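Bear in mind the structure is a predicted one, so any value in this text is a computation, not a measurement. Order of the sequence lines fixes the chain letters, A, B, ..., with proteins taken first and strands second; residue numbering starts at 1 for each chain.
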Protein chains: 2
Amino acid sequence: MGKPTIADLAKAAGVSATTVSHAFSGRRYVDPETRKRIEALAEAIGYRPNHRARRLRTGGAGSIALVSSMPFAVAAGPSRLGFLMEIAAAAAVTAFSRGISLCLVPPLGPRDSLDALEVDGAIVVEPELDDPVLDFFFDRGVEVVSIGRAPGRDSLPFVDLQSGATAHLLLDHLLEGGGRVGLITGLQRRNSYIEMEAVYAERVAQAGLSAIAIRVDERGGEQAAAAAAERLLRDDPTISALCVPVDAFATGVLDAAGIVGRTVPHDLRLATRYDGMRARLATPPLTAVDLHLDQVAAAAVDLLLARLGQLDPAPTIVSPPSLVLRASSVLPSR
Amino acid sequence: MGKPTIADLAKAAGVSATTVSHAFSGRRYVDPETRKRIEALAEAIGYRPNHRARRLRTGGAGSIALVSSMPFAVAAGPSRLGFLMEIAAAAAVTAFSRGISLCLVPPLGPRDSLDALEVDGAIVVEPELDDPVLDFFFDRGVEVVSIGRAPGRDSLPFVDLQSGATAHLLLDHLLEGGGRVGLITGLQRRNSYIEMEAVYAERVAQAGLSAIAIRVDERGGEQAAAAAAERLLRDDPTISALCVPVDAFATGVLDAAGIVGRTVPHDLRLATRYDGMRARLATPPLTAVDLHLDQVAAAAVDLLLARLGQLDPAPTIVSPPSLVLRASSVLPSR
DNA sequence: TACCGCTTGCAAATCGTTTTGCATACGGCC
DNA sequence: GGCCGTATGCAAAACGATTTGCAAGCGGTA
């Protein structure tokens, strides 16, 4: 016969299933001695409550989804993979410590392929404007929080990536080197780009400089950025620094700089946003921002659980972003 | 009132719940016209079958786990993160295309934190000898397959990482450059290390050379490898090439080479296994092996589903590993 | 007419919990 | 002794689907 059920355990302990249930849940008083006996017996016969039955009764799936709003692997090498996966790893750890599991959800393909998914809530990473993935979950009545504000959806709860502060860190650093500073963001309308562009416009105006900002389609990856940067650098030789938040774009720019004969950082200073392997291993290594993604991920999980009523709302603390200076933007002092 | 149930739909269509169920599952004939009506009505009232109820009845969780047998992030930067996450991304896509979802499971911490996990099966990535994670799932009666053979568990189904072939590719390439070739593997007993060491011993013997092989604790990461390599290179200046399967170790060796004043590839040729971002972005870029992890991941998902009886066993094809030559092991031809 | 087989549909059991409403026992109090 | 409140436990009703066994309708055949 199969796994022992609550009825088996009840029979063994000489009580009813109700009492067993109460003994475990504590929702009603059970004689301590009875409870002890039940617990010991449960251990002995190897009883474990059936999740499926419990969930049918109580509702709730016991899991949450982590969703990328972008293709996992863009054609030429995984672009946001590092970013997403660093979050995924941290989120999985936090989720499991809270007793729920984490489903990794690939970007929306054909609608129905996601029909199998059953989760209590979802975390969407850096949604873009009118992101279809948000509608998808809304339709299903699934609670959603985002990492990074969702443009055009002010009511959606989110964990702030503090893109404004990040933008200031990067741009101030590049601007204080003097010269003309350009900006390369993504074509998609994500909050981090929007804030970055706003701060850029403001700073450039303050400094009395003209803006040089272009957008590249994320799906083009490194190559698209390299091509765009090459054009930009040829058109405008006065550019002395570039702020390139997307790390894959930044390494593309590095290639472009090589092609047009500019040395980084001497002829072109460069900084990016996400401080991942890409930034650290680039040649030269890229100045970047520590976004504390592990904390962000943990905060997102807790925020979601709080909204689901499974956790008391206790705001997790996320450290402010901090600049990590590297050779790509720092001229060696002589 | 809540979401429509099968009873609501049945009433609306003027049939019984049974008929509705059969109309969807096709397990028994229903009049095509009736079925049409049911389907149209389902769409109209927004009926979607309740997963929880279905699962209680049929058994099955509708999801599988992907498990790392190592800490996600080892102290000094994610070492195997790239490897694991590349698999995770591909596995998620394949799993969802098969109508099941993928849970990312952090390495075993306190036992009970995994109690929430409910999956039909698990994929364990490169288990080591006596890996506790395997026992954990066996205890729970969860079907397991591994990526890379599980040492000491010959009966466990697995997707071959073709470590023998990989070893031959790397070692033959390094050996044909002449000189003495050393090997740095991991202390943990994973199949890929074991096979690599075996092939190494064989090849070195064939060539009439003496073996220089050391093992480094994976948990020490890049630094530990750098320290070990530095010692090795100082002790034995005749070493002309190193085969370092762990990518994080390989970049550590790169550092060590710099410290002892060796230029790669001129004074030391270097090759690693996993062709990830680390290998590609290192300076110089590292010769590596394309393991076709996307195919491996897809094959693992399908193998698991086949074992669960949810898929007809149709062996997925995994391309043989292929060498990716890069500057770390190829002397510029003059 | 009686019988058979085929098509189509329904009622009811089942999966294993949680939870509600009721029952029993018992002690204390007037 | 009668009454009431409290402590403890049980029976039974959900939860929403799947699946089995049975039956009605119907045409064809002997």
Spell out, as yes or no, whether a donor-acceptor pair under 3.5 Å connects the side chain of B/N191 to the backbone of B/P151.
no
According to side chain to side chain contact (heavy atoms under 4.5 Å, CB included), who are the partners of B/T5, at least two apart in sequence or on a separate chain?
B/A7, B/D8
Run the side chain to side chain contact (heavy atoms under 4.5 Å, CB included) test against A/S16 and tell me which residues pass, sequence neighbours left out.
A/T18, A/T19
Students should find that the end-to-end axis angle of the helix from C/dT1-D/dA30 to C/dC30-D/dG1, with five pairs defining each axis and rounding to 10 degrees, is 80°
Under the rule for salt bridge (Lys or Arg N to Asp or Glu O under 4.0 Å), what residues qualify as partners of B/R28, not counting sequence neighbours?
none
Enumerate the residue pairs fulfilling salt bridge (charged side-chain N to carboxylate O under 4.0 Å, His left out) with a member in residues 147-163 of chain B, sequence neighbours excluded, ordered by first and then second residue.
B/D135-B/R153
Under the side chain to side chain contact (heavy atoms under 4.5 Å, CB included) test, residues paired with A/D31 that sit two or more places apart:
A/E33, A/T34
With a non-hydrogen cut-off below 4.0 angstrom, is B/H51 in contact with a base, only sugar-phosphate, or nothing?
nothing
How would you give the extent of chain B contacts on DNA chain D, as first and last nucleotide 5' to 3' within a 4.0 Å heavy-atom cut-off?
D/dG16 to D/dC22
Listed by chain and number, what are the side chain to side chain contact (heavy atoms under 4.5 Å, CB included) partners of B/L41, not counting sequence neighbours?
B/L9, B/A12, B/A13
Whether each nucleotide of nucleotides 12-17 of chain C has a protein heavy atom under 4.0 Å at its base (B), only at its sugar-phosphate (S) or at neither (-) is summarised, 5' to 3', as BBBBBB
Would you jot down, in residue-number order, the residues of residues 27-44 of chain A having a non-hydrogen atom under 4.0 Å from DNA chain C?
A/R27, A/R28
B/R55 meets the salt bridge (Lys or Arg N to Asp or Glu O under 4.0 Å) criterion, sequence neighbours left out, with A/E118
What residues form a salt bridge (Lys or Arg N to Asp or Glu O under 4.0 Å) with A/D302, not counting sequence neighbours?
A/R98
Quick one: CG on B/L84 to OG on B/S68, what's the gap to the nearest 0.5 Å?
5.0 Å
Decide, yes or no, whether a salt bridge links A/E143 with A/R307 under the criterion of side-chain N to carboxylate O below 4.0 Å.
yes
Lys/Arg N to Asp/Glu carboxylate O, B/E128 vs B/R189, below 4.0 Å
no
